[in-house]
Chemist: 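Would you mind keeping the following structure in view while I ask a few things?
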Amino acid sequence: MSAPSIQHFINGRLRDGSGGRIEVQNPATGQVSGTIDAAGADELAETIAAATTAFEDWSQQSLSRRASVLFAFRELVAAHSDRIAAAISAEHGKTLADAAGEVARGLENIEFACGLPQHLQGGYADQVSTGVDVYSYREPLGVVSGITPFNFPAMVPLWMAPIAIACGNSFILKPSERDPSAALVLADLWQQAGLPDGVFNVLHGGPGLVDAILADPGIAAVSFVGSTPIARHVYERASAHGKRVQALGGAKNHAVVLPDANANATAAHLVAAGYGSAGQRCMAISAVVAVGTVEQVQPLLTELQTQASAVVVGPYTNDQAEMGPVITAQARERVRSIVTEAETGGARILLDGRDLVVTGHENGHFVGPILLDEVTQDSVAYTEEIFGPVLVVLRARDLDEALAIVNANPYGNGAAIFTGDGGAARHFQRHVQSGMVGINVPIPVPVGSFSFGGRKDSLFGDTHVYGREGVAFYTRAKAVTARWPEPSAAQRGPSGASMAFPAGQQA
């Protein structure tokens with residue numbers, strides 16, 4: 001039986017593509033679960049034309065009309081969260097509970113976007129000069145695009161599209177070709193919410209489609225989340241073509257653990273943050289900096305080893321599974337290779353999941369939790385973003401040495417500290433070179449009313465995603481200076497205005 005075809009969503013309709021064939025796998029079985037005929041130049045041109053036409057009308061809709069669609073979309077996503085989670089798990093491999101959590105975090109961003117009348121308020125200064133007033137407001141950009149990663153096939157698109165659409169733009173989503181189906185569920189829900197055709201579109205494809213999006217003059221802005229090399233490429237190429245760009249790259253997120261932290265509770269947080277979603281999170285904790293003497297650090301190591309050993313690995317169809325497979329066979333082999341190289345370089349393996357086999361799913365891309373101790377800053381397991389279930393432990397004598405380790409790393413996405421010492425936490429918060437900081441919180445992903453983004457090699461561009469910075473990214477400011485002559489007596493006469501109460505959704 002042939003695998004089902006996964007189509008594009010262009011101008012409100014499902015469509016086949018004209019490009020090359022791409023296979024989508026179930027990572028728990030290694031079997032092909034669907035196929036894509038990638039979007040070619042014709043599909044991209046058609047989509048941009050439809051999105052451009054749709055923008056002309058959508059951008060002129062009243063704020064209350066746009067908000068009504070956002071509110072309806074929010075209710076539909078909440079009602080269909082199980083459907084979205086199932087699509088995620090079947091192609092990504094993460095557990096249903098993890099996928100449901102992803103949808104819940106995406107809902108926060110839709111809820112933020114529902115407040116667009118507040119977010120788009122401008123400023124006004126009366127009588128700046130005699131008879132002269134100045135006011136400012138924000139206008140949408142036009143057709144914008146989001147290029148999103150495999151690890152969050154629903155949440156990351158929901159970081160981008162609701163705010164872009166609320167601001168009056170039309171949106172083209174290029175999801176990862178590894179797990180594309182969640183994007184089509186979102187497209188269906190946008191349509192059910194009453195979003196006009198052409199405002200939200202989905203195109204599937206690989207690097208060729210990405211490069212075409214970056215170069216096409218019909219697209220005004222690009223949002224990207226993925227690895228650092230690709231983020232750099234997206235930023236440089238799209239910027240060279242005059243586009244506004246926000247490109248979020250990779251990470252090596254650190255957790256500094258001071259001697260006063262409770263070993264049992266801290267280990268529980270680190271195991272969840274390090275091995276959840278098989279470590280395939282840009283905010284996963286992948287490096288633990290244990291501060292103190294050998295004796296002070298040992299309880300944490302013991303708890304990490306004990307708790308990580310208890311993690312249940314299996315397919316999402318197993319209700320007891322806490323961690324699923326990595327996305328591809330190549331990703332699994334890369335994890336194994338890096339760990340082997342680190343061991344050769346002197347790292348001590350406290351827990352080795354390289355050869356894990358899940359009964360009944362022998363062809364799945366499973367790797368068990370891996371815990372490495374005595375890792376050095378030049379170890380490949382530390383210098384590389386592994387994107388797998390690998391937690392590495394480095395040692396530091398004190399907080400200042402731990403900070404030096406964190407700040408020397410080329411990534412600056414997120415960092416956390418575990419301690420009961422408020423002064424130490426505040427010192428860490430003020431001096432760590434990361435865009436997001438957790439204090440006794442292992443994955444400090446901001447809620448939807450703030451913004452997400454790092455520093456250094458974790459971010460290319462000037463703005464973070466979602467929240468107020470997202471509104472700023474998807475709009476441009478306009479300031480108006482106005483002088484009006486005083487009306488004549490005739491002009492001040494009866495106007496013929498209606499006595500009816502004005503309806504908010506009138507354009």
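Everything numeric here is computed off the predicted structure, so don't read it as measured data. Note that the numbering runs from 1 along the sequence shown for the chain.
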Chemist: According to the interplanar angle, ranging from 0 to 90°, do the rings of Phe171 and Phe200 count as parallel (below 30°), tilted (30 to 60°) or perpendicular (above 60°)?
Modeler: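 Parallel.
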
Chemist: Side-chain contact, heavy-atom cut-off 4.5 Å: Glu303 with Val271?
Modeler: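 Contact flag for Glu303/Val271 side chains = no.
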
Chemist: Roughly how far, to the nearest 0.5 Å, is CG of Asn109 from OG of Ser451?
Modeler: 9.5 Å

Chemist: Can you check whether His92 and Tyr316 have ring centres sitting under 6.0 Å from each other?
Modeler: no

Chemist: Angle class for the Trp190/Phe73 ring planes (parallel below 30°, perpendicular above 60°, tilted otherwise)?
Modeler: parallel

Chemist: Just do the side chain to side chain contact (heavy atoms under 4.5 Å, CB included) check on Met436 and Val445 with the steps written out, would you?
Modeler: CA-CA 7 Å; Met436 294 167 284; Val445 177; 5.7 Å; no

Chemist: I need the Leu391 CG to Gln305 CD distance, nearest 0.5 Å.
Modeler: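 Interatomic distance, Leu391 CG to Gln305 CD, rounded to 0.5 Å: 12.0 Å.
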
Chemist: Decide yes or no for Leu399 and His427: does some side-chain heavy atom of the first lie under 4.5 Å from some side-chain heavy atom of the second?
Modeler: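 Yes, their side chains come closer than 4.5 Å.
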
Chemist: Taking the side chain from Arg66 and the backbone from Ala166, do they hold a donor-acceptor pair closer than 3.5 Å?
Modeler: yes

Chemist: Could you give me the CA-CA distance, side-chain angles and deciding distance for Ser223 and Tyr474, then say whether side-chain hydrogen bond (donor to acceptor under 3.5 Å, both in side chains) is met?
Modeler: CA-CA 10 Å; Ser223 301; Tyr474 290 119; 2.7 Å; yes

Chemist: Taking the side chain from Ser145 and the backbone from Ile172, do they hold a donor-acceptor pair closer than 3.5 Å?
Modeler: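 Between the backbone of Ile172 and the side chain of Ser145 there is a qualifying donor-acceptor contact (under 3.5 Å).
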
Chemist: Short question: side chain of Thr344, backbone of Thr340 - any donor-acceptor pair under 3.5 Å?
Modeler: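 Flag set: sc Thr344 to bb Thr340 pair under 3.5 Å.
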
Chemist: For the residue pair His254 and Tyr382, is the inter-centroid distance of their aromatic rings smaller than 6.0 Å?
Modeler: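 So the answer is yes for these two rings.
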
Chemist: Between Arg476 and Glu139, does any side-chain N to carboxylate O distance fall below 4.0 Å?
Modeler: no

Chemist: Using the salt bridge (charged side-chain N to carboxylate O under 4.0 Å, His left out) rule, take Asp352 and Arg336 through it: C-alpha gap first, then chi angles, then the decisive distance, then the call.
Modeler: CA-CA 10 Å; Asp352 192 351; Arg336 290 173 172 173; over 6 Å; no

Chemist: Can you find a pair of side-chain heavy atoms, one from Phe418 and one from Pro442, that are under 4.5 Å apart?
Modeler: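 They are in side-chain contact.
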
Chemist: Under 6.0 Å from the ring centre and within 45 degrees of the ring axis: does the NZ or CZ of Arg178 meet both conditions for the six-membered ring of Phe150?
Modeler: yes

Chemist: Answer yes or no: does atom CD of Glu362 have more than 12 heavy-atom neighbours from other residues, nucleotides or ligands under 6.0 Å?
Modeler: yes

Chemist: State whether the side chain of Gln307 and the backbone N or O of Ala268 hold a donor-acceptor pair below 3.5 Å, judged by distance alone.
Modeler: yes

Chemist: Around atom CG of Asp398, are there more than 12 heavy atoms of other residues, nucleotides or ligands at under 6.0 Å?
Modeler: yes

Chemist: Working to the nearest 0.5 angstrom, can you tell me the gap between Asn413 CG and Asn253 CG?
Modeler: 5.0 Å

Chemist: Thinking salt bridges, do Lys252 and Glu385 make one under a 4.0 Å N-O criterion?
Modeler: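 Between Glu385 and Lys252 there is no salt bridge, as every charged N stays at least 4.0 Å from the carboxylate O atoms.
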
Chemist: Would a 4.5 Å heavy-atom cut-off, applied to side chains only, mark Pro153 and Glu102 as touching?
Modeler: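 Yes, side chains in contact.
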
Chemist: Hey, mind stepping through Ile165 and Asn169 against side chain to side chain contact (heavy atoms under 4.5 Å, CB included) and telling me if it holds?
Modeler: CA-CA 5 Å; Ile165 289 170; Asn169 302 283; over 6 Å; no

Chemist: Looking at every non-hydrogen atom in both residues, tell me the closest pair between Glu177 and Gly205 and how far apart they are.
Modeler: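 Nearest pair, atom of Glu177 first, then Gly205: OE1-O, 3.2 Å.
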
Chemist: Walk me through whether Phe460 and Thr228 qualify under side chain to side chain contact (heavy atoms under 4.5 Å, CB included).
Modeler: CA-CA 9 Å; Phe460 300 87; Thr228 287; 4.0 Å; yes

Chemist: Measuring from Leu248:CG to Thr148:OG1, what's the distance to the nearest 0.5 Å?
Modeler: 12.5 Å

Chemist: For Phe452, which of Phe112, Phe152, Trp159, Phe473 qualifies under ring-ring contact (aromatic ring centres under 6.0 Å, His included)?
Modeler: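 One option only clears the test, and that one is Trp159.
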
Chemist: Evaluate whether atom CZ of Phe450 has more than 12 neighbouring non-hydrogen atoms of other residues, nucleotides or ligands under 6.0 angstrom away.
Modeler: no

Chemist: Between Arg426 and Asp421, is a salt bridge (charged side-chain N to carboxylate O under 4.0 Å, His left out) present by the stated rule, with each step listed?
Modeler: CA-CA 9 Å; Arg426 189 171 188 275; Asp421 185 335; over 6 Å; no

Chemist: Looking at Asp260, Asn440, Thr266, which hits side chain to side chain donor-acceptor pair (under 3.5 Å) with Thr419?
Modeler: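 Checked Asp260, Asn440, Thr266 against Thr419; only one passes side chain to side chain donor-acceptor pair (under 3.5 Å): Asp260.
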
Chemist: Counting C-beta onward and ignoring hydrogens, is there a side-chain heavy-atom pair between Arg232 and Asp457 closer than 4.5 Å?
Modeler: yes

Chemist: Please evaluate residues Arg354 and Glu343 with respect to the criterion salt bridge (charged side-chain N to carboxylate O under 4.0 Å, His left out), reporting the C-alpha separation (whole Å), side-chain torsions for both, the decisive distance (0.1 Å), and the verdict.
Modeler: CA-CA 12 Å; Arg354 282 176 291 180; Glu343 182 183 25; 3.4 Å; yes

Chemist: Report the distance from atom SG of Cys167 to atom CG of Leu141, rounding to the nearest 0.5 Å.
Modeler: 8.5 Å

Chemist: Would you please classify the geometry between the Phe366 ring and the His361 ring as parallel, tilted or perpendicular, with 30° and 60° separating the classes?
Modeler: perpendicular

Chemist: Taking atom CZ as the centre, does Arg468 end up with more than 12 heavy-atom neighbours from other residues, nucleotides or ligands that are less than 6.0 angstrom away?
Modeler: no

Chemist: Working note: Val393 + Leu372, criterion side chain to side chain contact (heavy atoms under 4.5 Å, CB included); need CA distance, chi angles, decisive distance, verdict.
Modeler: CA-CA 6 Å; Val393 179; Leu372 302 179; over 6 Å; no

Chemist: Just so I know, are the side chains of Leu158 and Leu186 near enough to count as touching, which here means a heavy-atom distance under 4.5 Å?
Modeler: yes

Chemist: Determine whether a donor-acceptor pair (N or O, by modelled atom type, separation under 3.5 Å) exists between the side chain of Tyr466 and the backbone of Pro446.
Modeler: yes

Chemist: Between Thr302 and Gln298, is a side-chain hydrogen bond (donor to acceptor under 3.5 Å, both in side chains) present by the stated rule, with each step listed?
Modeler: CA-CA 6 Å; Thr302 300; Gln298 189 55 49; 3.1 Å; yes

Chemist: With a 4.5 Å cut-off on side-chain heavy atoms, are Leu214 and Val222 touching?
Modeler: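 Side chain of Val222 against side chain of Leu214, heavy atoms only: contact under 4.5 Å found.
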
Chemist: Would you give the length of the straight line joining atom CD of Gln280 to atom OH of Tyr275, rounded to the nearest 0.5 angstrom?
Modeler: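 Between atom CD of Gln280 and atom OH of Tyr275 there are 14.5 Å.
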
Chemist: Are the side chain of Ser136 and the backbone of Gly123 linked by a donor-acceptor contact shorter than 3.5 Å?
Modeler: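 Yes: the side chain of Ser136 pairs with the backbone of Gly123.
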
Chemist: Look at Glu384 together with Arg334 and state whether they make a salt bridge at an N to O cut-off of under 4.0 Å.
Modeler: yes

Chemist: Would you find a donor on one side and an acceptor on the other, under 3.5 Å apart, between the side chain of Ser458 and the backbone of Gly250?
Modeler: yes

Chemist: Looking only at heavy atoms, which two atoms of Ala415 and Ser434 are closest? And how far apart?
Modeler: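 Heavy atoms of Ala415 and Ser434 come nearest at CB-OG, 3.5 Å.
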
Chemist: Take His365 and Gln25 through the side-chain hydrogen bond (donor to acceptor under 3.5 Å, both in side chains) test and state the conclusion after the steps.
Modeler: CA-CA 10 Å; His365 313 317; Gln25 288 190 357; 3.2 Å; yes

Chemist: Can you find a pair of side-chain heavy atoms, one from Leu209 and one from Lys174, that are under 4.5 Å apart?
Modeler: yes

Chemist: Charged N to carboxylate O under 4.0 angstrom, Lys94 versus Asp179?
Modeler: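 Result for this pair is no, no salt bridge flagged.
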
Chemist: Among Ile405, Val289, Leu394, whose side-chain contact (heavy atoms from CB on, under 4.5 Å) with Val256 holds?
Modeler: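 That would be Val289; it is the only one of Ile405, Val289, Leu394 passing the side-chain contact (heavy atoms from CB on, under 4.5 Å) with Val256.
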
